[in-house]
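Throughout, protein chains are lettered first and strands after them, A, B, ... in sequence-line order, and every chain is numbered starting at 1.
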Amino acid sequence: MEPKIKETTWNPEIEKRILKQWEDSRVYEFRSDSETFVIDTPPPYPSGRPWHIGAAAHYAQIDMIARTARMKGKNVLFPIGIDRNGLPVEMYTEKKHGIRMHETDRSEFLNLCATALDDLEAEMIQVMKSLGLSGNFSDYYRTDSEKYRSLTQATFIELWKRGLIYIANRPNNYDWITGTTIADAEIAYEDLPTKLVYMRFKVKDSAHVLTIASTRPELLCACQAIIVNPEDERYTGLVGKSAVIPLINRVVPIMSHPSAEKEFGSGAVMVCSYGDHNDVALFRELGLQEIVAIGKNGRMTEVAGPHSGLKVKQAREKITEDLQNQALLEKVENINHRTPISERSKAPIEIIPMEEYYLKQRDAVGKIKEIGSKIAFHPPMHKQILMNWLENITIDWPISRRRFYGTEIPIWYCKNCSQPHVPEPGKYYRPWQDPSPIQQCLKCGGKEFVGEERTFDTWMDSSVSPLYISRYGLDEEFFKKTYPATIRPQSKDIVRTWLYYTILRCEQLTGISPWKEAWIMGYGVDEHGAKMSKSKGNVIDPLPIIDKFGADTFRFWSASEINVGYDFRCSEQKIETTKKFLSKLWNVSRFLSGFPVIKSAATVPADRWILSELNRVVTECKSGFEDYNFFVPSTSLREFTWNIFAAHYIEMVKGRAYGEGFTEEERESSIFTLHKVLSTLLLLLAPITPFITDYLWQQLYSDRTIHTERFPEPEEVEDWSRHTKAITEFNSKVWNKKKEQNLSLKDPIEMEIPADLQEFAKDLKAMHNLNP
RNA sequence: GGGUUCAUAGUCCAGUUGGUUAUGACGUCGCCCUUACACGGCGAAGAUCCAGGGUUCGAAUCCCUGUGGACCCA
């Protein structure tokens, strides 16, 4: 028998040819004419090179979701997008060109950013394509396109008109490095070493000296009160008196308040605008007048007197020094302080009062909890991340940013009376450069306008992705068929941002949940379980790996390594060894390609046994695919193929398939069964390893692609699984015995076939050359 | 301080509702070109299932306490 397949190993080079075929024949094109399955694909952000290997693994799995749905007969909308708005590219551009954004011409700066993004984007698209993603690349979207940004602006205008947006001047998280306000969701916390400074405050009209410990002595000039715990006996006599701020010599009241911790520092706390979020709450509660001590440039303002103009850190050192010199310093302790920093720039957050736009979200929390409880999470445990976050929402969402590379806030102000006006939705507006579309002020009749210069928080864009892909506001019929989307796949670190904000915004705009299911993935970490980062030098570039081992190898590794929702380890060596399985599958197919395909036959016991085992695998895979947990089918298929089908069944029936010493009926039964098993395996593997399965499918079973086929369903067959253990153990026993006796595997041997294996006696005899 | 989660051979991981001898892979060590495959086959060694207690005829699995790690939040 000449095998039809000649090569002895799967060559990943073939993948490129197959990709071309898929593209030319438009196998994956979406039609909205039957039951749809819509994926709200995460548009990745091009933030640097190389793209994270964990992200590549993530997208490979999203593609498996798409292919699974297709093999269940659904019409799959699988958009591809790139998220291009936001801070990282601005910082990347500043660094690359050695410039400062706020000191550079705006359009020039935007061009530099766009070029950088194009560059990084090309690499990501290349990775996604070569992984065999069955998404819509022909018109992939960008969140900075006119079309996308006009949607963001239109949704803003809609909410503005409904009164869900307001402007307010309140203390805000401010990142002075990037020069913008940020939302609570963008703050990270880090334990940083800092100095706890013990300062001496004189109590007015008294000989008392009150010691106060603070990590922020530079805010002395913004101190408006001293608080002590009401249960702190050390200070009961001082409440109601006043204290003199050292160096500043201003007098502030001493009050009691439960938020002062007796154990921290001296137990007395200075309340300044604003050292932390507790200060904000206290200023509001106690009705204190705020003093702005830190400016937008991250330097002390004029209220800092001799220290004005200094950076916060410098001022802190200088003031500590001055206190020391004037004997106002008691001691300095080195402590680790949990410091809020900007997730993007890593700069410590300052809290500065600023006028910003807010989107109302506090009123929506209850509704979102309700929606969230109805979304099916995979795995279910990650629903908790959303629910915990909802418990923590205390303020509305500040949505304006003092940055350039983002969607512009579409507002013009009357030059005369400052009244804000929004334009008609449907167009992309750039108020910082476009002429005003508003002709006359509605309030004072003024005819001149000034455009808003700020942009939106990038989550304002990202949070309408389900609306964008379903052509909200543009194509009513398409929208009806594709919204809400079926599933939102994403990683777990952006549940409190992307996932939450999307539910919020889509609920506000459409009144319903944006999707039915959410699929939450963990992080890719290095082989020792550590986070990958450039500074650690443990970053793995996915592209060379895909090139070297092929997309299917990478995909099978991703499927068999990742348990949905849990972190997973990435190591090149592991990916490499995954390739062996494809080799195994290839060679099984090569062997079978020497036999004609037989559509049906009366089967003998050994064949019924393997078909029963196959049926078990079909059932297992089905439940794995239903949960979008590809770990289940990939490991089940690998074990079956390797350790049962190839190792035992094929060896058992090889002689029969060649027809030596068997009847023609027995022979046909084996060939039928071999093909039945292999074709079923190929179908089950198709969503995971689409290249090799399609190639083998077309070599062996069809002139059409495997990717328009349906999954095999479990059948009602007799259960023979009770024999599996006996068969594999008996085979092992024979092999061991031959080894003991120094025999080659084809040498004859005398051995008794156990009673429970009598049904398989003829095959076993032929397999081991037993008792000739 | 609160929450989520994890702990099983040198390494990674499976173990569904408790049920004989704990799964598989990588790695290690032997032997073997046996007409699909040396990117292979066969075999071997390797585990106090984190610790302690409880429930039970029976616990890796359920409960409690503790220890250690990861992540999130205040």
Would A:Asn587 and A:Trp10 count as having a side-chain donor-acceptor pair, cut-off 3.5 Å?
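No.
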Side chains of A:Tyr628 and A:Glu517: donor-acceptor distance under 3.5 Å anywhere?
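Per modelled atom types, A:Tyr628 and A:Glu517 side chains form a pair under 3.5 Å.
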Side chain of [X] only, please: which of [options] is the nearest?
X	options	result
A:Thr8	B:C71, B:G41, B:C37	B:C37
A:Phe631	B:A36, B:A14, B:C42	B:A14
A:Gln573	B:C12, B:C26, B:G30	B:C26
A:Asn643	B:C37, B:C12, B:A25	B:A25
A:Val588	B:A36, B:A74, B:G40	B:A36
A:Lys654	B:C42, B:C12, B:A36	B:A36
A:Glu639	B:C26, B:C37, B:G24	B:G24
A:Leu745	B:U4, B:U34, B:C39	B:U34

If pairing requires Watson-Crick or G-U wobble contacts with both distances under 3.5 Å, which nucleotide is the partner of [N]?
N	result
B:G58	none
B:C50	B:G66
B:G1	B:C73
B:U11	B:A25

Distance between [atom1] atoms of [N] and [M] (Å, rounded):
N	M	atom1	value
B:A9	B:A22	C1'	11 Å
B:U23	B:U65	C1'	31 Å
B:C12	B:U48	P	15 Å

Identify whether any heavy atom of [X] sits under 4.0 Å from a base atom; if not, whether one sits that close to sugar-phosphate; answer base, sugar-phosphate or nothing.
X	value
A:Thr635	nothing
A:Lys584	base
A:Glu651	base
A:Lys738	nothing
A:Trp586	nothing

Using atom names, set out every protein N or O paired with an N or O of nucleotides 61-64 of chain B below 3.5 Å, distance rounded to 0.1 Å.
none

Do the side chains of A:Lys733 and A:Glu752 get close enough for a salt bridge, i.e. N-O under 4.0 angstrom?
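So A:Lys733 does not pair with A:Glu752 through a salt bridge.
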Give a yes or no on whether the backbone of A:Phe630 and the side-chain of A:Gln61 come within a donor-acceptor separation of less than 3.5 Å.
no
RNA chain B contacts made by residues 558-568 of chain A, counting heavy atoms under 4.0 Å
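Here the set is A:Glu561, A:Asn563, A:Tyr566.
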Measure from the ring center of A:Phe591 to the ring center of A:Phe595 and say whether it is less than 6.0 Å.
yes
Is the ring centre of A:Tyr500 less than 6.0 Å from the ring centre of A:Trp459?
no
Ignoring hydrogens and angles, does a donor from either the side chain of A:Lys574 or the base of B:C26 sit under 3.5 Å from an acceptor on the other?
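Side chain to base: no pair below 3.5 Å.
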Under 4.0 Å between a side-chain N/O of A:Ser744 and OP1 or OP2 of B:C32, yes or no?
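No, because none of the side-chain N or O atoms of A:Ser744 sits under 4.0 Å from OP1 or OP2 of B:C32.
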B:C31 P sits how many Å from A:Leu743 CG, rounded?
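It works out to 17 Å between those atoms.
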